[in-house]
Number of protein chains: 2
Amino acid sequence: MTASRTAELNASKPGKAREVVEDHEEASQIKMGELSELLGYSLKRAQLRIFDDFIRCVASLNLTPAQFSVLLLIDRNPGRNQTEIANTLGILRPNFVAMLDSLESRELCVRVRSANDRRSHILMLTDNGRTILARAKKLVATKHEARLNEVLGPANRTALLEMLATLARDF
Amino acid sequence: MTASRTAELNASKPGKAREVVEDHEEASQIKMGELSELLGYSLKRAQLRIFDDFIRCVASLNLTPAQFSVLLLIDRNPGRNQTEIANTLGILRPNFVAMLDSLESRELCVRVRSANDRRSHILMLTDNGRTILARAKKLVATKHEARLNEVLGPANRTALLEMLATLARDF
DNA sequence: CGATAATCGTTATTGATCATATCAAATAGT
DNA sequence: ACTATTTGATATGATCAATAACGATTATCG
């Protein structure tokens with residue numbers, strides 16, 4: 001972005017154009033070598049971009065991807081407790097506590113002591129939580145995933161999803 | 001894994017089988033809902049798996065994916081300084097310092113004051129660094145990427161790489 | 001039954017990763 | 001010469017991930 005902003009400034013000085021060596025990628029012309037072939041590298045870079053875009057798309061609701069996934073899972077699985085939700089998301093129980101504290105303080109969900117097992121906390125969305133989740137889903141669908149379909153095309157997006165699922169399953 | 005161990009134990013009690021509801025995934029039969037359709041979610045899960053496998057494959061050399069990519073880039077781009085290498089990897093300069101300290105203390109690379117610009121440090125691999133990098137590349141190729149070809153198939157692996165590059169580029 | 005083990009949510013703590021502000025030294029721009 | 005900027009570095013904070021341990025509760029089983 002520093003590069004593109006510099007380019008704009010130079011473009012506004014018609015006097016001596018092209019003295020800046022066709023800029024674009026500034027520090028680059030650095031060879032990536034076999035890094036371009038490393039799947040893990042591309043995977044991480046892509047993931048960071050996607051997450052950034054996700055956050056941008058639901059910025060008005062102040063939801064991180066992790067928070068969104070928690071709300072989704074609670075909504076789809078009423079009656080589950082903390083460990084069950086945390087486990088299926090790969091979140092460790094200790095780290096899940098602060099996360100729920102945050103969501104609960106925003107009145108998006110509540111912990112209810114189970115009658116069967118008074119150790120566990122049943123999780124459920126509040127009305128407000130359901131509203132926010134619905135809005136988030138809409139934003140994700142119309143902005144985030146729509147953008148993905150633009151860039152990849154629907155067929156590729158599906159194929160990509162399938163391959164990633166394969167990786168997460170068979171690895 | 002807790003689930004499968006439990007299953008074995010139950011199988012060894014022929015008396016009253018099937019009282020444990022066909023176990024398998026214990027906490028599960030939890031519905032993922034539209035989470036399975038969220039590209040970012042699958043992307044992150046896959047990335048974590050791939051990184052774990054990478055670390056496992058080069059465990060004998062004690063190299064993280066990030067360290068490997070740094071060594072690769074230094075090797076492929078002799079004469080570059082810290083900011084140049086850090087920038088192309090998306091690493092912030094302050095965070096790159098400790099990383100290089102570590103690699104330098106292991107005698108894998110060296111910082112050399114540039115003659116042209118005495119502010120900057122030219123980075124280069126040591127002989128030892130080149131040896132380790134060569135070994136790492138071999139391990140990655142024969143173990144890590146080979147495994148990927150097994151799971152995905154060569155065609156899919158290439159297609160996946162291309163899509164990820166597209167995402168990182170056009171997003 | 002009662003003793004022991006296991007589970008649930010929680011706290012505390014540590015390490016790794018990531019980001020920002022700031023600095024001295026060196027260089028560039030004017 | 002005077003000011004900007006750049007480079008590597010330090011300090012610091014935020015976020016995330018991982019482990020150990022605890023009180024309360026429930027399960028196991030002798």
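Chain letters run A, B, ... following the sequence lines, proteins first and then strands; every chain starts at 1. As a basis for the values below, the full set of heavy atoms in this structure was taken, side chains included, without hydrogen atoms, waters or symmetry mates.
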Visitor: With the threshold set at under 4.0 Å for non-hydrogen atoms, list the residues of residues 100-111 of chain A touching DNA chain C in residue-number order.
Guide: A/Arg111

Visitor: Output the rounded distance in Å from CD1 (B/Ile85) to C1' (D/dT7).
Guide: 15 Å

Visitor: Just the rounded figure in Å: distance from C1' of C/dG9 to CD of A/Glu84.
Guide: 13 Å

Visitor: For a quick check under 3.5 Å, do B/His144 and B/Asp53 share a side-chain donor-acceptor pair by atom type?
Guide: yes

Visitor: B/Asp52: what forms a salt bridge (Lys or Arg N to Asp or Glu O under 4.0 Å) with it, not counting sequence neighbours?
Guide: none

Visitor: Any donor-acceptor pair under 3.5 Å linking the side-chain atoms of B/Asn128 with those of B/Thr126?
Guide: no

Visitor: Applying the Watson-Crick and G-U wobble criteria at under 3.5 Å, what pairs with D/dA21? Answer none if nothing qualifies.
Guide: C/dT10

Visitor: Figure out the CE/P separation between B/Met99 and D/dA9, and round it to whole Å.
Guide: 14 Å

Visitor: Mind running a 4.0 Å heavy-atom check of residues 44-70 of chain A against DNA chain C and sending the residues that fall below it, in number order?
Guide: A/Lys44

Visitor: Between A/Gln82 and A/Arg111, is any side-chain donor less than 3.5 angstrom from a side-chain acceptor?
Guide: yes

Visitor: Mind listing the residues from residues 116-123 of chain A sitting with a heavy atom below 4.0 Å of DNA chain C? Number order is fine.
Guide: A/Arg119, A/Ser120, A/His121

Visitor: Just name whichever nucleotide pairs with D/dT5, Watson-Crick or G-U, keeping both distances under 3.5 Å, else none.
Guide: C/dA26

Visitor: Can you name the salt bridge (Lys or Arg N to Asp or Glu O under 4.0 Å) partners of B/Arg130, sequence neighbours left out?
Guide: B/Asp127

Visitor: Please determine, for the side chain of A/Thr83, which listed nucleotide (C/dT20, C/dA12, C/dC8) has the closest atom?
Guide: C/dC8

Visitor: Between the main-chain N or O of A/Thr83 and the side-chain N or O of A/Asn87, is there a donor-acceptor pair closer than 3.5 Å?
Guide: yes

Visitor: So, using salt bridge (Lys or Arg N to Asp or Glu O under 4.0 Å) as the criterion, who are the partners of A/Arg45 when residues are at least two apart?
Guide: none

